[in-house]
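These notes concern the structure reproduced below.
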Amino acid sequence: MNYNPQKIEKKWQRRWEEKNIYSRPFRRKEKKNFYHLVMFPYSSGDLHIGHWYNFAPADVYARFKRMKGFNVISPMGFDAFGLPAENAAIKHRIHPKTWTYKNINRMRKQLKTMGAIYDWSREVITSDPSYYKWTQWMFLQLYKNGLAYRANVPCNFCPSCKTVLANEQVIDNKCERCGTEVEQKKIEQWLFKITDYTDDLLNGLKKLDWPEKTKTMQKNWIGKSEGWTIKFQILNSKFQLEVFTTRIDTLFGCTYLVVAPEHPIFKKLKSKISNIGPIEDYLEKSKKKTDRERISEIGQKTGVQIKGLMALNPVNQEKIPIFVADYVLIHYGKGAIMAVPAHDQRDFDFAKKHNLSIIEVIHPKSIVKSSVKKAPLLVSSELEHSAYDGEGFLINSDRFNGMRSLDARKRIGEWLERQNKAKKDVYYRLRDWLISRQRYWGCPIPMIYCQKCGWVPVPEKELPVVLPRIKNFKPTKEGRSPLANSKTFVNTTCPKCKGPAKRETDTMDTFVCSSWYYLRYIDPRNDKQFASKKKIDDWLPVNMYIGGAEHTVLHLLYSRFFTKALNDLKYINFKEPFLGLYHQGTILGLDGQKMSKSKGNVVSPDLFVQKYGADAVRMYLCFIGPYDRGGPWNPSGILGICRFLDKVYTLVETVKTKSQEETENSQDAKEINKLLNKTIQKVGDDIENFQFNTAISCLMILVNELSKNVRNKYSDIQTLLLLLAPFAPHLTEELWQKMGFSNLKDFKSANSIHNQLWPKYNPKLFKQSKIQLIVQINGKVRDRIEVKSSISKQDAEKLVLSRDIANKWIKNREVKKIIFIPKKLINIVY
RNA sequence: GCCGCGGUGGCGGAACUGGUUUACGCGUACGACUCAAAAUCGUAUAGGAGAAAUCCUGUGUGGGUUCGAGUCCCACCCGCGGCACCA
């Protein structure tokens with residue numbers, strides 16, 4: 001290399017920091033604030049190339065916005081509490097706190113080599129008491145407003161991590177972190193009432209400038225189902241069995257009911273059940289099954305008929321049997337379903353297995369006039385093999401025959417509603433957010449239990465409840481938090497009655513900590529409020545948020561919930577935290593696998609930074625492909641970027657030593673000027689759209705052209721450096737100063753290239769006077785002619801037909817048609 | 001099974017609203033410079049036929065629409081991501 005990247009990078013990083021060039025508001029007058037945010041890293045130890053892929057191109061975007069005149073803040077911090085820290089600490093036999101802060105120091109150092117515009121004075125670390133004081137404060141606000149509550153709920157328990165997990169943290173019935181099979185346990189836990197916001201969370205999505213895919217995934221995760229709850233009378237009893245369905249239009253095809261094994265009907269009507277022995281066997285068996293076993297038995301559709309009980313179908317008074325089967329889940333809907341085997345695959349499988357009748361009530365085509373009362377039970381031969389769950393027209397449905405299924409949903413529902421046998425209902429897949437963790441390394445839950453007063457919140461002025469440094473932080477066998485062993489922590493006085501009381505020993509899920517960190521960055525050292533109202537109004541919501549797609553349903557949903565709750569409590573005046581969102585792709589190992597320590601395919605950026613410099617690594621990451629795609633890390637192309645940067649350096653050096661001769665009017669100068677203007681436009685548009693790879697390729701074209709030209713103007717070089725500045729901040733700063741563009745002896749914030757504005761372009765210059773007209777004969781390219789761009793169809797025709805090439809192909813055949821696309825092509829069809 | 005995304009040279013990838021397929025970069029080959037090497041610069045680089053001009057075939061597969069399809073429509077194959085007994 002012609003220059004030493006390490007030397008100049010260190011030099012400029014030091015000077016930028018000395019002069020604080022990024023923490024000062026830039027262009028105060030403009031007053032256009034732009035909050036640019038990248039998802040803060042987990043303090044896992046080492047930064048890998050995937051982190052850089054998140055942060056470096058994002059920094060290009062932030063720098064570009066800054067040069068466009070926005071007052072950009074781009075903060076950085078660490079997500080520091082949580083299970084992995086603790087598991088790793090246990091493995092390495094050091095305290096989680098020591099381990100975490102050691103990692104943070106290392107990661108901060110690594111991050112600084114990138115040369116990003118992070119304002120380190122805003123750094124937040126979620127495990128600092130000055131931060132978690134406000135996490136606890138948030139908990140108290142939620143608690144006081146009924147959004148945090150305690151309940152004895154069945155939860156996912158990881159026997160290896162010895163803690164409960166949120167539904168979102170269970171993947172394939174395994175613990176997200178350690179991969180151990182989770183167990184179902186009923187424990188008293190703290191939950192956040194995220195379900196109060198289901199509709200808000202759903203409706204808010206519409207206005208967001210987010211990837212459609214992410215919105216759809218959140219929508220599916222919330223899983224809103226609108227339908228009807230229907231009451232089925234149990235014969236010879238006062239009991240009515242309620243079921244929830246989205247397909248009330250299929251009710252005439254309901255041939256039996258099924259209840260979940262946990263359904264209360266067994267207690268209530270035990271005396272009427274004639275086969276209670278086999279039923280209790282079944283209930284016992286399904287209780288013992290893990291969720292995993294239940295899932296692995298999908299398709300088997302086991303179940304037993306509850307003999308002695310029959311239900312009445314409210315539409316036709318048919319007597320239908322009732323079954324218990326564990327394919328029906330207690331926690332969704334009413335824990336009981338109406339089975340329509342013809343139009344639901346699960347019911348179909350069950351009916352086939354247990355030999356139950358199948359009646360077709362929805363036919364894809366309109367085949368039955370409403371006057372025809374009786375059709376064969378099965379019209380469609382396909383129903384021999386599988387259920388039809390689409391829309392269609394009703395048959396076998398008495399007076400509703402011939403009606404569209406969509407209409408019938410409304411009509412049958414309302415008809416039963418008038419008889420008080422059905423009511424409209426909505427269910428969601430989303431369940432409340434379980435935040436208790438029986439682990440040490442987390443934010444303590446600020447609650448106290450008093451024998452007399454019950455659960456009492458810690459008074460706000462006593463916050464934070466400091467996490468004590470204890471020696472034995474390993475989880476206990478019985479699944480109690482390690483904090484329970486610390487008597488000094490546990491024993492306290494009740495804030496209400498001043499009697500003896502005990503602290504909550506569970507800690508919060510780390511996702512609670514990260515659900516509001518973007519608010520703290522704005523005012524990180526404030527110890528009176530989580531952030532001042534004025535600063536919140538100035539900066540929030542976040543304009544652009546960049547991070548991995550793996551956070552689609554966890555972090556992004558929780559953050560939206562926090563924002564909505566804080567908005568309701570009047571602490572903030574916006575309802576969505578992140579207006580813009582972009583997911584970068586995932587960088588994989590060379591083996592095409594996700595990078596992970598256990599696979600040994602983790603790549604550190606450090607070696608590449610040492611060898612080629614941060615500018616080259618930043619740019620190479622931008623160049624390898626579309627930002628949202630990612631792919632295997634293959635460093636073989638990085639030399640191309642190095643050569644490019646070298647070329648830029650050489651180019652600037654040669655221009656510097658040459659005197660500025662008059663070149664204004666030469667043809668070369670005009671062409672260069674045209675290219676320059678085009679490049680300004682293209683690079684700007686591309687960065688705005690996160691198309692960094694094509695932005696770089698047109699910068700390369702520009703540099704190639706400038707390098708061919710012997711007499712370059714200073715102003716052209718100036719523009720080039722400005723366009724390149726977001727990508728290669730160090731080299732461009734070095735060359736900017738070398739060229740003396742700022743004309744100041746001492747380096748000051750104002751004369752940094754990073755405090756200049758993005759160059760403007762003149763679109764008028766793009767107009768080409770001459771173009772290459774493509775000549776097609778029968779749709780195949782046969783010729784190219786240089787013509788005036790304004791050439792008319794007639795002239796183009798004449799010109800083309802006079803040429804030998806055209807005549808060679810057309811010969812004497814009759815020309816049938818001529819298509820002329822101005823400034824592009826002419827196609828002659830014979 | 002359902003939803004979403006993708007499939008273009010040896011490789012990473014370009015291609016606007018249907019209009020020159022393969023920009024830019026890597027790699028490779030040859031040449032220049034050099035005692036030599038590296039670096040650098042120059043030329044070539046989808047496949048096939050040909051001495052050449054040139055021609056034919058090519059964007060996962062098969063069909064269709066069109067003067068013209070990587071791009072639009074239908075069917076299918078493969079890869080990736082998400083959800084998955086949610087009534």
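Side chains included, hydrogens not; waters and symmetry mates left out as well; all remaining heavy atoms used.
The side chain of Ile821(A) lies closest to rG19(B), out of rA87(B), rG19(B), rU20(B). Checking rU20(B), rA15(B), rA87(B) against every side-chain atom of Thr694(A), the shortest atom distance belongs to rA15(B).
Distance, Asn778(A) CG to rC55(B) C1': 16 Å, rounded to whole Å. For Tyr428(A) and rC83(B), the OH to C1' distance is 20 Å, given to the nearest whole Å. Across the protein-nucleic acid pair, Leu773(A) atom CG and rG19(B) atom P stand 15 Å apart, rounded to whole Å. Rounded to an integer number of Å, the gap from CD of Glu550(A) to C1' of rC83(B) is 17 Å.
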Inset, instruction - Apply side chain to side chain donor-acceptor pair (under 3.5 Å) to the pair Asp347(A) and Tyr327(A), showing each step before the final yes or no. - result: CA-CA 10 Å; Asp347(A) 299 343; Tyr327(A) 80 89; 2.9 Å; yes

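At a threshold of 4.0 Å, the pair Arg409(A)-Glu391(A) counts as salt-bridged, since one of the basic side-chain nitrogens sits closer than that to a carboxylate oxygen.
Side-chain atoms of Lys816(A) and base atoms of rC67(B) include no donor and acceptor less than 3.5 Å apart. Judged by atom type and distance alone, Gln345(A) does not reach the base of rG1(B) through any side-chain donor-acceptor pair under 3.5 Å.
With a glycosidic angle no more than 90° from 0, rG9(B) adopts the syn conformation.
A distance-only check finds no donor-acceptor pair linking the side chain of Thr250(A) to the backbone of Gly253(A) [under 3.5 Å].
Using a 4.0 Å cut-off, no side-chain N or O of Lys682(A) falls inside it from OP1 or OP2 of rC24(B). Regarding contacts with the backbone of rA87(B), every side-chain N or O of Arg429(A) stays at 4.0 angstrom or more from both OP1 and OP2. Close to rA87(B), at under 4.0 Å from its OP1 or OP2, lies a side-chain N or O of Ser225(A).
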Distances for protein N or O near nucleotides 40-49 of chain B N or O, under 3.5 Å:
residue: rU40(B); atom: OP1; partner: Arg643(A); partner atom: NE; Å: 3.3

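Within residues 822-830 of chain A, the residues having any heavy atom under 4.0 Å from RNA chain B are, by residue number, Lys824(A), Leu825(A), Asn827(A), Val829(A).
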Inset, instruction - Report, as a single string ordered 5' to 3', how protein heavy atoms within less than 4.0 Å touch nucleotides 2-13 of chain B: B base, S sugar-phosphate only, - not at all. - result: --S-------BS

